[in-house]
Every structure is written in structure tokens, then in C-alpha cells.
Amino acid sequence: MGFANRATDAVRLLLDLVTRDPPFVRGGGLDPHAIPVFTFHTLEPRSFERRMRYLRDTGYETLTMRQYLDSISGRAAAPPKSVLLTIDDGRATTWTVGYPILKRLGLRATAFLVTSAVHDSDEVSKTIDDASGTELSALIGRDDTNDRPFVSWGEVRAMRDVFDIESHTHLHARIAVSGTASSAVMTESMQRGYGAFDCPFQWLAPGGPPVRGGAVPLGSRLPESAPRLSGRPAWRAVDQRRETDSEMRAAIAFDLGEARRLIREKAHVEASTVCYPWHVFSPIAKEVAAETGHRGAFAGKSSKGPTISGPGSDPFEIARVGEDYVERLPGTGRKPLLTVFADKARR
Ligand SMILES: [Zn+2]
């Protein structure tokens, strides 16, 4: 990461700290009714294991999704000192790094899968606990390679004793929202893996489906875009019009319904929640999430409403906080805030 990016990151972290983070991050205690939900993406073995050991050694309980939902709906109280761990995107390290560490320590987490990205095979890769040398570094760096940057359905089935399998939508889609090209240009890194999520879906052929990634020619200027669930209508370049409200609803219903259907068919479990891609949602997205059978939906840090969710909070707008703050939870060995920032800047 360049210096400018790191500096922007640090400024954002500081602003959020003052305006949007829950009190425990700033050194306060934990409201017994509010349950912190932590967000992870790519898992780095050393920092992930250190954070998980902190939770275990300080007596935190990592909830199942059912326990969490029962608690925020007021149906059954969660034990004191409970947290929910959520890992987004179904990147390869969810299995290669996350699974062995959580299993060894007896902890639970939730995996939010992008079902169109899950590798359609029974293949179960080695994990960091049964590899060494170059094999080990390949497993740790897998999220950033073209080889297989996401988990396979075989791995998803194998991780169910540790993970609740939940939805991060089928497509993790961005959509073109105007005919105006933005400064973005289609690059190789946007043709596959996580990079493809940043390439907006576009209608390139009359009557054809919207496409992205490898289907968009390299070097093309990309249209202005927004997350599919943002509530902004997609711009259909071929017919030179915006999609209608009912077309938008149908597209979102497909994206949410298809993920649940595939999780049922391939992993043999029922997904009861969805995590909004880029943490962006709209009233329509919330309504469609309820209509497609979800019991709740996860966002990011809340800009309004509570910064941490608990009983009585809106279950379709559950607030989450970044993984950097796991060691800010009250307990022996709590990490000073400055050390958290210093670690973040070093990465
Ligand atoms: Zn995501």
C-alpha cells in the first residue's frame, strides 16, 4: 500500500473513531446488551491467530448466527461477553488460514459467501496446519492469485463445524448508473478474482445479459457505477435508458435468492442472513432481503442509528466494526489504541 493510501486510511480511521465507532474502541466498557460484530476479509495467519487467542484467553464467547439472531430479536439472551465474527467474500484464506485456527481454539465464525465466486468443485485444499515452506506461503497468499482466490464448495461443506454459511449475495455486483465514462479503465486485475467485483455489470449487446470481468474488453473506459443494492437504477447502455423500479427489484431478488438457493443446494444448509456488498444498502434492498426469506442483514459502521447492534436494533441494518479492534475489547492485555493505529500503518 502506498504512503498516500496509508495516510488516507489513517485519517479515516481517526474520523470513524470519534464519530462512528462503539465506545469500547475508545476505551469504554461493553454494554451488556450490545454484541460487537467484527468484520474480516483476507486472513493473515499471525494477526488473526493473535486476535483469536485474545478472545479465547479473555473469556469471550463467539456466537453462532442463530444465537446472535435470537439475541437481537429478544428471543433468547446471549451469554455476557459475546461477540460475532464475520468473514466476508469467501476468500481462499477463510479456509486455508481461518478454519484451522478457529478449530484449534474452539471458536466459531460466520462465512459470508459470494456464491457465483465459490469454486465449483469438491476439492479440499491443505491448510496452514498441514503445509510448510513454499506450499505454506502459497496458501497464505492465495486470495491475491488467479489460481483459486475463493473457497471451493468442498471446503465450504468441510468448514460447517466451525462456520455458519451465510450469503454475501450471488454476484457482489456493481452496476453502471450512467452513460458517462468515469476515469476507471478495465484492467487485467479486474477480469477475475476479487478484482472483478469492482468492474460494473453493463449491457454490451442488444437483448443480452449484463456482463463484467473477462467479458469486458481490456482498456475499455468504465461507466460511472454504484453497488447493486445502493438503490440507484442501472443504466442500460444498449437501450439508452435506466432500468425501471420493478426491473431493479427483480435483479436484487435474483441476486439475494440465488445465493440462498445455491447455499442450500451445494452446502446443504439454510442461509438466514445476507451481508450487503461494500456495506451499501437501500430501503429496497432491505425490503427484498426480508421478502427473500432472510432474518437479518449486515452492514458496516452505521452512519446514523446505533454503532453497535443489540436487542431492538433494526435486524436488516446490523452494525459491524473492523477486525483491528478485536483487541480493544475489555480484558487483560487490552491493546492500546496507539498500537492498533501503528500496526495498521505498518501494513
Ligand atoms: Zn465483500
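Here the structure is a predicted model, which means the values were calculated and not measured. Whatever order the structure lists ligands and atoms in, that order sets their numbers, starting from 1. Numbers here simply count residues along the sequence, with the first being 1.
Taking 4.0 Å as the cut-off between side-chain N and carboxylate O, Arg328 and Asp21 do not count as a salt-bridged pair. With salt bridges taken as basic N to acidic carboxylate O contacts below 4.0 Å, none links Asp198 and Arg174.
Atom CD of Glu166 and atom CG of Asp164 lie 6.0 Å apart (nearest 0.5 Å).
Taking the six-membered ring where the residue is Trp, the centroids of Phe298 and Tyr276 are separated by 6.0 Å or more. Checked against the 6.0 Å centroid criterion, the rings of Tyr325 and Phe38 do not qualify as a close aromatic pair. Within the 6.0 Å centre-distance limit, the rings of Phe197 and Phe150 are counted as a close aromatic pair.
Shown here are the protein N/O/S atoms lying under 2.8 Å from the Zn ion (ligand 1), water excluded: Asp89 OD1, His168 NE2, His172 NE2.
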